[in-house]
Structure formats: C-alpha cells, structure tokens
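Note that the coordinates shown come from a computational prediction; the quantities given were computed from them, not determined experimentally. Quick note: residue numbers are just sequence positions, from 1.
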Amino acid sequence: MNRSEAQAIADNALWRQNAGLVQLLGLCPVLVISSSVVNAVSLGLATSGVMALSGMAVAAVRDLVPNTLRTPIFMLIIASLVTVVDLLFNAYAHGLYLVLGIFIPLITTNCIVLARAEAFASRQPVLASGWDGFTMGLGLTGVLAVLGALRELVAHGTLLSGLDLVFGPVAKTWTLHLIPAESGYQFLLASLPPGAFLGLALLIAGKNLLDRRTARRAATPSIVLQSGEA
C-alpha cells in the first residue's frame, strides 16, 4: 500500500463514506452511547481497534477460507477480538465497563465491522485492510465524539464528564462546566433518544451542506473561465 492508496482509503472512510453520516450503519450505539463525550469516544475507539485487527485477520486468512464458511469464520474472528476488548475494559476501566454495558459485546454484531470484513478485507491485502478498518472506526468515533459533545452540552452544560471512569478519582475535577453547576441547568430531551436523533440529523445536514458548498466552489473556476472566453 503506497501513500496515495492510504490517503484514498482514509478520505473515503473519514468523510465520503463515513459510517455514521453516510452509510448510517451501527446506529444503535451511535444513538444510545452518545449521551456524553467520554462514553461515545470510549466505545468508538474500542470499535476502531476491533475493526483494524479484524480487518487484518480476515485479510490474512481470506485465501484459506471456503466461501461457504466465510461469514461464520469472519464472525468468529470478530467475536474473539470483541471478547478480548470486553475483558480489557473489565480489568482496567471497570467503571466505564459498567456504564457501556451490553454495547461492548454488541460490537460483534455491529453492521460496520462485518460489512468492512466482507466488502474490503476479504478482497484486499493485510495492511490495507487494517488501515481501512482503523480509519473507518475513527470516522465513526469522530461522529460519536461530536454528537456526544453536543448532547452533553445541551443536556447538562458540561463537557468531558465521566473522565474519572477512565483515569480514576483524580479526573473528577477535569469536567468542564460551561454553564455554572450552581445554576442547576438541565435540558433532558438532549440526553434522551429523541435528542440523539435530532443531533444526528443536524450532523448529517451539516455534512451535506459542506459537500454542496465544496462542489459549488470546485465548479466556480470553470464558469468564470468560460465567461472570460466568451
């Protein structure tokens, strides 16, 4: 995989075919876990790690697996990696493990993970497959982070609450209170499922707006040139 190929894979995964904004895959964790930045980014990074490793593993065994057993074997690889991640969360971030709950094991059935294994890793070399899985996971993590920040800010006026679940009690003071805690501000709709749908809709609309603006700017020079020639 050369540099241009790596750049093309990253551009496709992070923006053009973003899993959360374009493909709309894996919406269950996107909508449920994105109530705070910490929860959202933690699950996103866990998914990225599983996608990178499963992509490399699937690409490594793709020529040894018969077509009739391809999907069960891919699922077995993904489930094994998710089990490792689940045990690591339980051992080293138990508080966060309890908060994320069933959504860590559910990475196994996440449509994005199996879709990339089938559509890309089963046809491409090991390194490219690992890079595709990692960047595709990062694209989803970015959406989760922005949506989590938006919902947390609107719902409670804070950012980065829950960092102590990752870094221990010392991180309890790291929460940013953009609206003073003494005011008792709360807007619970943003932390509930309807708030997640509204937030995701705003992000999708924002991406479409940026894409259209970029397309118009790309078309402008040719129009000016044609006017000048006339």
Side-chain angles (χ1 to χ4, degrees), residues 1-30 33-34 40-89 100 103-148 200 203-204 206-208 210-211 214-215 218:
M1 181 178 63
N2 56 41
R3 186 171 181 176
S4 61
E5 290 172 339
Q7 183 66 46
I9 290 173
D11 290 344
N12 186 64
L14 295 174
W15 189 255
R16 285 196 293 272
Q17 292 297 321
N18 185 284
L21 299 180
V22 179
Q23 299 185 58
L24 301 182
L25 296 175
L27 289 185
C28 183
V30 169
I33 293 299
S34 61
V41 172
S42 298
L43 188 66
L45 292 178
T47 305
S48 300
V50 169
M51 290 186 70
L53 295 175
S54 64
M56 296 177 70
V58 167
V61 302
R62 61 192 169 97
D63 293 330
L64 306 175
V65 176
N67 284 334
T68 52
L69 297 176
R70 190 174 61 186
T71 300
I73 291 177
F74 292 172
M75 289 295 295
L76 183 62
I77 292 172
I78 294 168
S80 301
L81 292 168
V82 171
T83 301
V84 172
V85 171
D86 188 56
L87 293 174
L88 288 175
F89 267 90
L100 296 181
F103 290 99
I104 299 176
L106 279 181
I107 294 174
T108 305
T109 58
N110 193 315
C111 301
I112 305 169
V113 183
L114 186 58
R116 296 318 294 176
E118 280 282 356
F120 194 96
S122 63
R123 298 176 175 83
Q124 299 295 332
V126 173
L127 189 58
S129 299
W131 179 242
D132 174 76
F134 181 67
T135 52
M136 192 63 73
L138 280 187
L140 178 64
T141 303
V143 174
L144 283 166
V146 175
L147 184 58
L200 183 62
L203 295 183
I204 293 173
K207 182 188 183 303
N208 291 337
L210 289 174
D211 285 343
T214 302

Query raised in the report: Could you give all pairs that pass the salt bridge (Lys or Arg N to Asp or Glu O under 4.0 Å) test and reach residues 115-138, with sequence neighbours left out?
Result: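 Checked against salt bridge (Lys or Arg N to Asp or Glu O under 4.0 Å) - neighbours excluded - the pairs reaching residues 115-138 are R70-E118, R116-D132.
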Query raised in the report: What pairs meet the salt bridge (Lys or Arg N to Asp or Glu O under 4.0 Å) rule with one or both residues in residues 53-67, with sequence neighbours excluded?
Result: none
[X]: partners by side chain to side chain contact (heavy atoms under 4.5 Å, CB included), with sequence neighbours left out:
X: L88; answer: V84, Y92
X: L106; answer: I102, F103, T109
X: L64; answer: none
X: P66; answer: T68, L69

Query raised in the report: Sequence neighbours excluded, which residues qualify as salt bridge (charged side-chain N to carboxylate O under 4.0 Å, His left out) partners of D11?
Result: none
Considering residues at least two apart in sequence or located in another chain, which fulfil the side-chain hydrogen bond (donor to acceptor under 3.5 Å, both in side chains) criterion with [X]?
X: S122; value: none
X: T135; value: none
X: S4; value: N2

Requested in this report: Can you see which heavy atom on A40 is nearest to which on S34, and at what distance?
Outcome: CB-CA, 4.0 Å
Query - All pairs passing side chain to side chain donor-acceptor pair (under 3.5 Å) where residues 12-21 contributes a residue, at least two apart - result: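 Sorted pair list: W15-D211.
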For residues 51-58, please give each side-chain donor-acceptor pair under 3.5 Å, one per line with the distance, not counting sequence neighbours.
from, atom 1, to, atom 2, distance (Å)
S54, OG, V50, O, 2.8
S54, OG, M51, O, 3.2

